[in-house]
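One-based numbering along the sequence shown.
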Amino acid sequence: MIKTENKTYTPPPDKSITHRALILAAVAEGSTVISSPSICADTAATSACLKKMGVRISASPGKLTIKGVGLRGLIKPSGPLNSGESGTAMRLLAGLLAGQEFDSVLTGKGSLLKRPMARVADPLAAMGAKISSSGGRAPLSIRGSGLIGTNHKLLVASAQVKSAILLAALYAEGPTSITERLSTRDHTERLLKHLGARISSGGLNLYLRPGRLTAKNIKVPGDISAAAPFIVAACLLPGFKLTIKGVGLNPGRTGLISALKAMGARITVKPGAAALEPEGDVIVYGSGLKGVRIRPDEVPSMIDELPLLALAASGAQSVTVISGVGELRHKESNRLKTTLELFKTLGLKAETGKDSLIIKGNQRILGGNPAETFNDHRVAMAAAVAGLLAAKPVKIKGPGCVDKSYPDFFTDFKKIFCKKTGG
Ligand code: S3P
């Protein structure tokens, strides 16, 4: 049952930033303390790969200490490096490994073995990297080689690809420039600057000169993607007020908040003091929504939140059209397809147009059928939100996939939105 009182929620630390903090601290000179790191299956995979290359990472409550080995201090791993099911781990590590003097193999499991890797292997090859793959998929075999700074025009709007190139560029001879097609999250750029890299940016352009990094402590804000199901649920529950504390507000990640506001949601953002990554509190009030049109250039800032936005749109007063959704096909599941499957299960209608997702408004979530998660944490979380609003209960099949990014998701969600936990 839904409570309609004021609630306060603190999201877990940001996964995307933690991957980058681990990798960059590993090749910096000196010790870095990462405070409030994300602890989940994906970031554990990144840590394990770095440890296998001789990096010492020690954990204490709310902290990780990384003994940086410097750019040239990694050692050849004794076997394949396993990225688990993390696309960010695999793509960023591919960039790091491309610049090493030793050979390595990067592998993974489950859906990661089906996800496209040519998008990183090709630009890295243009810098001189020797990467062979299995038809553009993992495992990736990376031969140690010298890299040359190159100018890149990114074909896909992907922060993972951009970050892989930046990591390789640290090792290249001469500067590297990148022009993005659409603006994406800039966590890597911010951290590189923080650790003393010679990087400059303007608009869609980036320029990095190779060089060493100097260790400096890193504080990770709350994960806005983890908070997203809470934001959407609170938005859709009349009379609800949810205060979200200490959440990351990187402009490359706040698209969901902008979209919901454009739909008429009552959301107040209270930015905190300036920091490496912007962060603050977000207050969400339950309210009615109207449909919205989302442009392709807005999509990267809400890429992981689109199933939730689609769900919110189904109950809005008019139609919603989200354009530029093609990248959804390459997530933990084909998220365009699996969002439509989830909709079907819930008794909702949505259709795909040319690179767009069209959601009719004024629909009611019927529920009553078990919802498949397709081993995709974001689909599982959208199903949980749907379950709160559905006329009949929604049983979630395979809820354990939330361990990928947010192991305590269901506990936290029940605490905020259900009268009894464990019920
Ligand atoms: C991420 C970037 C996005 C996002 C993923 C995390 C990152 O992927 O979907 O969950 O940490 O850089 P793409 O870069 O492939 O769009």
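Residue Ala138 comes nearest to Leu106 through the heavy atom pair CB-O, 4.4 Å, listed as atom of the first residue, atom of the second, then distance. Across all their heavy atoms, Val220 and Pro13 have their closest contact at CG1-CB, 4.1 Å. In plain terms, the two heavy atoms of Gly84 and Leu112 that are nearest each other are O-CD2, 3.3 Å. In this structure, Ser333 and Asp376 approach most closely via the heavy-atom pair OG-OD2, 2.7 Å. Shortest non-hydrogen contact noted between Leu166 and Ile199 is CD2-CD1, 4.2 Å. Closest of all the heavy-atom pairs between Ser405 and His377 is OG-ND1, 2.7 Å.
Of the charged side-chain nitrogens involved, none lies within less than 4.0 Å of a carboxylate oxygen, so that Glu85 and Lys404 do not count as a salt-bridged pair. For the pair Arg119 and Glu327, the salt-bridge criterion is met [side-chain N within less than 4.0 Å of a carboxylate O].
Within a 6.0 Å sphere centred on NZ of Lys67, other residues, nucleotides and ligands contribute 12 heavy atoms or fewer. For Arg293, the CZ atom counts as loosely surrounded, since its 6.0 Å shell holds 12 or fewer non-hydrogen atoms of other residues, nucleotides or ligands. Atom CG of Leu204 is surrounded by more than 12 heavy atoms from other residues, nucleotides or ligands within 6.0 Å.
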Query - From CA spacing to verdict: side-chain contact (heavy atoms from CB on, under 4.5 Å), Ile365, Leu311 - result: CA-CA 9 Å; Ile365 303 175; Leu311 189 70; 4.0 Å; yes
Requested in this report: Go through Ser35 and Asn217 one step at a time and tell me if the side-chain contact (heavy atoms from CB on, under 4.5 Å) criterion holds.
Outcome: CA-CA 8 Å; Ser35 44; Asn217 294 345; over 6 Å; no
Query - CA sep, side-chain torsions, deciding dist, call: Leu306, Arg378, side-chain contact (heavy atoms from CB on, under 4.5 Å) - result: CA-CA 9 Å; Leu306 289 176; Arg378 308 281 180 215; over 6 Å; no
Report task. Could you please spell out the steps behind the side-chain contact (heavy atoms from CB on, under 4.5 Å) verdict for Ile23 and Leu93? Result -> CA-CA 8 Å; Ile23 294 173; Leu93 288 171; 4.0 Å; yes
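Within the 4.5 Å cutoff, no side-chain heavy atoms of Phe374 are placed close to those of Arg335. Within the 4.5 Å cutoff, the side chain of Pro300 has no heavy atoms near those of the Arg181 side chain. No side-chain heavy atom of Thr176 sits under 4.5 Å from any side-chain heavy atom of Leu206. Between Ile57 and Leu50, the closest side-chain pair of non-hydrogen atoms falls below 4.5 Å. Two residues are said to be in side-chain contact when any heavy atoms from C-beta on lie closer than 4.5 Å; Met302 and Leu308 fail this criterion. For the pair Thr188/Lys162, no side-chain contact is recorded, criterion being any heavy-atom separation below 4.5 Å from C-beta on. Using a 4.5 Å cut-off on side-chain heavy atoms (C-beta onward), Lys219 and Leu276 make no contact. Counting heavy atoms from C-beta outward, Gln160 and Val120 have side chains that stay 4.5 Å or more apart.
Residues Arg185 and Ser16 bring a donor and an acceptor atom of their side chains to less than 3.5 Å of each other. In summary, the side chains of Tyr406 and Asp223 do not present any donor paired with an acceptor at a separation below 3.5 Å, with no hydrogens or angles considered. Side-chain N/O atoms of Ser38 and Asp14 include no donor and acceptor closer than 3.5 Å. Side-chain atoms of Asn369 and Thr345 include no donor-acceptor pair closer than 3.5 Å. Residues His19 and Thr88 bring no donor and acceptor atom of their side chains to less than 3.5 Å of each other. No hydrogens or angles considered: nothing links the side chains of Ser225 and Lys15 as a donor-acceptor pair under 3.5 Å.
The main-chain N or O of Met117 is never found under 3.5 Å from a side-chain atom of Arg91 such that the two would form a donor-acceptor pair. In this structure, Asp186 contributes its side chain and Glu189 its backbone to no donor-acceptor pair below 3.5 Å. Judged by distance alone, with hydrogens and angles left aside, the side-chain atoms of Ser323 form no donor-acceptor pair with the main-chain N or O of Ser356 at under 3.5 Å. Not one N or O on the side chain of Thr254 forms a donor-acceptor pair closer than 3.5 Å with the backbone of Ile257. At least one donor-acceptor pair under 3.5 Å links the side chain of Ser318 to the backbone N or O of Gly291. Under a 3.5 Å cut-off, the side chain of Lys52 and the backbone N or O of Pro80 do form a donor-acceptor pair.
We find the CG-CG distance between Leu182 and Leu154 to be 10.0 Å, quoted to the nearest 0.5 Å. Rounded to the nearest 0.5 Å, atoms CZ (Arg190) and CD (Glu277) are 5.0 Å apart. Separating the OG atom in Ser314 from the CG atom in Leu236 is a distance of 8.0 Å, to the nearest 0.5 Å. Interatomic distance, Ile322 CD1 to Ile358 CD1, rounded to the nearest 0.5 Å: 10.0 Å. To the nearest 0.5 Å, atoms CZ (Arg364) and CG (Leu366) are separated by 7.0 Å. Within the model, atoms CG of Leu97 and CG of Leu74 stand 8.0 Å from one another, a figure rounded to the nearest 0.5 Å.
Relative orientation of the Phe230 and Phe413 rings is perpendicular, given thresholds of 30° and 60° on the angle between their planes.
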